[in-house]
Amino acid sequence: MAQSPLIAQKTEFQRALLAWYRVHQRKLPWRTAPSLYKTVVSELMLQQTQVKTVLPYLARWVEVFPNFKALAAASEEQVVKNWEGLGYYTRARNLHKLAKALIALPAIPETREAWMELPGIGPYTSAAITSISFGTRAAVVDGNVVRILTRLTADATPFRDSASASKALAPLADALLNHDEPGDHNQAMMELGATVCHRNNPLCTICPVLTLCSAGRNGDPESYPKLAAKVIEQRSVSRVWCVQKGKLLLHRTAGDARRLANMHELPAAEHLGLDESAFAGPDAKLIAKKKRGITRFAITESIYELPASRLSKDSLSRTGLVWVAVAEIDTLTLSGPHKRWVSELLRS
DNA sequence: AACCCGGGGCA
DNA sequence: TGCCCAGGGTT
């Protein structure tokens, strides 16, 4: 890598990138009126989530929880409720824990290593927060940077996944980092990836570093990075729709569960101790068939309407089951898909 | 290193 | 429908 022509033109690259960023950066809330708090909240929200999706959540979040102290003082229920619909809810719990940890410290840490110790903060987020807020010389490597770096150098290495690509490209990202403006350099890299160096149809004609880009000059930028195709596994789940006396039966996942802790969904067959035969009878009616995807799973959820009389006392006494008045459902936290499906089924 | 997290948007 | 997105945690 030391012999990379790109490294030899490092200064030219940095200047062109930063000059472009000064002019063309989008006005985003964490840039317009920056603060450590907004930077941290936005970075956690932006993990695996696009800018456009984050914007309304961030705006509401800083209204409800204006600073670390307010966030630390909030209940976990309130914190997760305000994350409802963003997905990957562990991020919300981690942000809550982080706020509590931070206000308990004698001083706000300013090193990447110290931030790495905090919940929800890994290699990317620690570099982003410390470079932007404290000028720490740490290069970020996210999906945008992977795309830019592999195109700049026409790096045809086949990567198993984006995590291994990030790790492999970290040295190059570090070597290119502008030590005078690490925060802006990092943001400029990501901004270039988000607005010019698109995955498909990259706008090479307006790219500030086209002359330094191997793939761009070769005319095949779209062929980078070379990532292995993800293997998707099909799964299916049966859910129960049961309304009695104006109340809907829901399942609340345990607070220490690995997935969807303290969140509500329509009860799955297993939550009621039912097997597939329970849905074969004449009083079970398939009322919806829905699909959801997460990471490597494509899940089909079949929702069966079942009369309450069909459920045994033993089934209904299982832990996590709750009867919720239809009017009260909005006060609970549901997973994004179930929030939509329940509201859809209640209307019909 | 591999797997999990059970989201959401977009072409 | 397939693929990507300002990833991190666990084993």
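The model shown is predicted, which means the values in this text are computed figures rather than measured ones.
- Arg93(A) comes within 4.0 angstrom of no nucleic acid atom, judged by non-hydrogen atoms across all strands.
- Using a 4.0 Å heavy-atom cutoff across all strands shown, Leu260(A) reaches sugar-phosphate atoms only and no base atom.
- Distance check, rounded to the nearest 0.5 Å: CG of Leu86(A) to CG of Leu58(A) gives 10.0 Å.
- Lys69(A) NZ: 12 or fewer foreign heavy atoms inside a 6.0 Å radius.
- Aromatic rings of Phe65(A) and Trp61(A) (six-membered ring for Trp) have centroids within the 6.0 Å cut-off, being under it.
- For the pair Asp161(A) CG and dC4(B) C1', the computed distance is 13 Å after rounding to whole Å.
- Using a 4.0 Å cut-off, no side-chain N or O of Arg91(A) falls inside it from OP1 or OP2 of dG7(B).
- Residue whose closest nucleotide on DNA chain C sits further toward the 5' end, between Asn144(A) and Met116(A): Asn144(A).
- Rounded to whole Å, atom C1' of dC4(B) lies 7 Å from atom CZ of Phe297(A).
- Here Trp83(A) lies out of heavy-atom contact (under 4.0 Å) with every strand.
- Here Glu84(A) lies out of heavy-atom contact (under 4.0 Å) with every strand.
- Rounded to whole Å, the distance from CG on Leu118(A) to C1' on dG9(C) is 15 Å.
- Residue Tyr88(A) is not grouped with residue Ile121(A) when hydrophobic side chains (ILVMFWY) are merged at heavy-atom distances under 4.5 angstrom, including chains of intermediate members.
- Atom CG of Asn94(A) and atom P of dC4(B) are 19 Å apart (whole Å).
- With rounding to whole Å, Asp142(A) atom CG is found 5 Å from dG7(C) atom P.
- Under a 4.0 Å N-O distance rule, the pair Arg252(A)/Glu77(A) does not qualify as a salt bridge.
- The side chain of Arg199(A) contributes no N or O atom lying less than 4.0 Å from OP1 or OP2 of dC4(C).
- Between Ala228(A) and Pro119(A), the residue anchored nearer the 5' end of DNA chain C, judged by the nucleotide with its closest heavy atom, is Ala228(A).
- Note on Lys52(A): every side-chain N or O is 4.0 Å or more away from OP1 and OP2 of dG8(B).
- Here the P atom of nucleotide dC4(B) and the CD1 atom of Ile232(A) are 12 Å apart, to the nearest Å.
- In this structure, Arg292(A) does not reach the dG8(B) phosphate: none of its side-chain N or O atoms is under 4.0 Å from OP1 or OP2.
- Within the 4.0 angstrom heavy-atom criterion, only backbone atoms of the sugar-phosphate kind lie near Gly85(A); the bases stay farther away.
- Atom CZ of Arg217(A) is surrounded by more than 12 heavy atoms from other residues, nucleotides or ligands within 6.0 Å.
- When the side-chain nitrogen and oxygen atoms of Gln47(A) are compared with OP1 and OP2 of dG7(C), none of them lie within a distance under 4.0 Å.
- Residue contacts for Ser335(A): at a heavy-atom cut-off of 4.0 Å it reaches the sugar-phosphate backbone alone, with no base atom in range.
- For Lys167(A) and Arg239(A), each mapped to the nucleotide of DNA chain B holding its nearest heavy atom, the one lying further toward the 5' end belongs to Lys167(A).
- Atom OH in Tyr89(A) sits about 10 Å away from atom C1' in dG8(B), given to the nearest Å.
- One atom, CD1 of Ile294(A), and another, C1' of dG7(B), lie 5 Å apart when rounded to the nearest Å.
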